[in-house]
Asks: 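Submitted below is the structure of interest, expressed as structure tokens.
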Amino acid sequence: MTNSQGQWDTSYEWKAVTLLTLAFGLVGLDRWIIAPLFPSMMQDLGLDYQALGNLIGALGLAWGVFAIVAGGLSDRLGRRKILVPAIIGFSLLSGMSGFAQGLTSLIFIRALMGITEGSFCPTSFAATADASLPTRRGFNLGVQQSAFPLLGLALGPIIATQLLQVVNWRWVFVLVAIPGLILGLLMWRTIREPATVGANAKAERAPLGDLLKHPNVKLGMIALMCAMSGIFVLSAMVPNYLVDYLKLTTVQMGFVTSAIGFGGFLGQVVLPGASDLLGRKLVAVAGFVLGAAFLYAFMQVGPNPALLFALLFVCCFFCFGLLGLITGPIAAEAAPRGLISSTAGIIIGTGEIFGGGIAPAIAGNVAQTYGIQHVLTMALIGLCAGVVVSLFLRETAPRKIEAALAEA
């Protein structure tokens, strides 16, 4: 965004990106902290592993549906009118999880969380794209999205287990809700609306019918399904694979599983940023190829924690990096004028409904019927399919387009 002198407002860019990054990290923390707390919850509430799958699926399906709905709303109503109620909502609902008395109330609360987090997700990506200089768009979106695996999958278990040393699981939910309320106030005071947002700016927006005209929108929807089938199957099933199939100890399993969060964090910073220089299509194809290759290598290794950690780290570096690339710069640059949030919403929603809701349920059935080791084959098939889909992407990186025009 430009300032009153018509220059790019770098100060606002960094303030906005910082707040949106911290907020999306809290989305990851509130979504995934239930996993390390679940053993304690099982004892108190009489839950089982099927209940955990239902809780994850309910949030994922609600997230996917409302990512599509809220993406369009924020293009018309404004970013802050979606972002602020959403972050306050999912923070309060996360805290309310600590007061649940059984599975029914937990599913209800987590589904409502899916609605608020699904609303926050595409709107926050659009707000970051709005605030970013085009040549930094991929890097900024990658940084923002990297906070999700860092807080949710890498640091979340550490935070949860340390807090459990001093309070019970109910108060852990309450404590992790507080930062979101503070960020909500700061975002209301900081985030600006672009010229294409709001009821008075309808003429600045392309018709909604243009949403699917760019080929990268439809390709992005399919590619994200492929990437998310890998991400969510690995996140949900690798702990049981390591313990039940490879017979690692609980401590060894925790060490290896942390590679998902740390690798994902680094990948979401590096891959979208690299695509600013190398191009969206090249990085997408390479990401799917290398993600599949390292997952296959991971599947061939026995009970060797150090090697398993290294291979899973690199695999998730590419899987989560693809998530940041597809939902970030690829979605933003395929969007019609004034419809960035709508475009991100339909891509994210489609991927989330399948990857966050349906794929884990299918993986659970595969594990139950054929054995836990075969769920990794399902993730591998998804990544291989992504290679084919990404070959058809149209290049949209500003530097690559400018270079092509200069050569013409």
Side-chain angles (χ1 to χ4, degrees), residues 24 28 31-32 60 63-64 67 118 121-122 125 138 141-142 144-146 148-149 152-153 216-238 259-261 263-275 280-296 298 312-332 334 343-360 362-363 375-393:
F24 201 56
R31 178 169 186 171
W32 286 107
W63 177 310
C121 182
F125 295 172
L141 284 163
Q144 180 199 0
Q145 295 188 48
S146 72
F148 184 96
L153 294 167
N216 282 8
V217 177
K218 287 170 279 192
L219 290 168
M221 293 163 66
I222 301 170
L224 191 62
M225 289 183 196
C226 297
M228 279 194 162
S229 69
I231 290 168
F232 280 91
V233 169
L234 290 174
S235 298
M237 297 297 174
V238 158
I260 298 174
F265 160 70
L266 189 60
Q268 288 198 299
V269 173
V270 174
L271 254 67
S275 76
R280 314 301 187 207
K281 181 176 180 177
L282 175 62
V283 172
V285 173
F288 275 113
V289 169
L290 292 171
F294 278 91
L295 175 57
Y296 179 78
F298 176 82
L312 188 59
F313 180 98
V314 179
C315 174
C316 289
F317 171 92
F318 289 110
C319 288
F320 277 88
L322 287 164
L323 174 62
L325 175 63
I326 295 165
T327 62
I330 288 178
T343 306
I346 195 169
I347 292 175
I348 293 165
T350 304
E352 184 69 42
I353 289 170
F354 180 79
I358 298 173
I362 295 174
V375 298
L376 299 184
T377 303
M378 176 181 165
L380 181 63
I381 291 171
L383 294 176
C384 290
V387 176
V388 178
V389 175
S390 58
L391 287 171
F392 295 93
L393 287 169

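Worth saying up front: this structure is predicted, and the values here are computed from it rather than measured. Both backbone and side-chain heavy atoms feed into the values below; hydrogens, waters and symmetry mates do not.
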Asks: Identify each donor-acceptor pair in which a side-chain atom of residues 220-227 lies under 3.5 Å from a protein atom, sequence neighbours left out, and give them as a table.
Replies:
none

Asks: Quick one: list whatever passes salt bridge (Lys or Arg N to Asp or Glu O under 4.0 Å) with Arg280, sequence neighbours left out.
Replies: Asp276, Glu333
Asks: Looking at Ser390 and Phe288, what are the two nearest heavy atoms and their distance?
Replies: OG-CD1, 3.9 Å
Asks: Under the ring-ring contact (aromatic ring centres under 6.0 Å, His included) rule, collect the residues that match up with Phe125, sequence neighbours excluded.
Replies: Phe24
Asks: Which heavy atom of Leu234 sits nearest a heavy atom of Cys316, and at what distance?
Replies: CD1-SG, 4.2 Å
Asks: Is Phe298 close to Cys315 at the side-chain level, that is, under 4.5 Å between some pair of heavy atoms?
Replies: no
Asks: So, for Pro329 and Gly324, which heavy atoms are closest and what is the spacing to 0.1 Å?
Replies: CD-O, 3.5 Å
Asks: Does a side-chain heavy-atom distance below 4.5 Å link Leu322 with Val283?
Replies: no
Asks: Can you name the side chain to side chain contact (heavy atoms under 4.5 Å, CB included) partners of Leu266, sequence neighbours left out?
Replies: Val270, Phe313, Phe317
Asks: Between Leu271 and Ser275, is any pair of side-chain heavy atoms under 4.5 Å apart?
Replies: no
Asks: Thr343 and Ala331: which non-hydrogen atoms are nearest, and at how many Å?
Replies: CG2-O, 3.5 Å
Asks: Filter on salt bridge (Lys or Arg N to Asp or Glu O under 4.0 Å), then keep only pairs touching residues 345-355, sequence neighbours left out; what's left?
Replies: Arg31-Glu352
Asks: Hey, are the side chains of Leu153 and Phe320 touching, using non-hydrogen atoms and a 4.5 Å cut-off?
Replies: yes
Asks: Quick one: pull up CG in Leu383 and CG in Leu290 and give me the separation to the nearest 0.5 Å.
Replies: 11.0 Å
Asks: Looking at Cys384 and Ala292, what are the two nearest heavy atoms and their distance?
Replies: SG-CB, 4.1 Å
Asks: Just so I know, are the side chains of Ile348 and Pro122 near enough to count as touching, which here means a heavy-atom distance under 4.5 Å?
Replies: yes
Asks: First locate atom CG of Leu325, then atom CD of Gln268, and finally report the distance between them rounded to the nearest 0.5 Å.
Replies: 10.5 Å
Asks: Gln145: what forms a side chain to side chain donor-acceptor pair (under 3.5 Å) with it, not counting sequence neighbours?
Replies: Thr327
Asks: Can you see which heavy atom on Ile353 is nearest to which on Gly64, and at what distance?
Replies: CG1-CA, 3.6 Å
Asks: Identify, with sequence neighbours excluded, every residue that meets side chain to side chain contact (heavy atoms under 4.5 Å, CB included) alongside Val289.
Replies: Val285, Val387
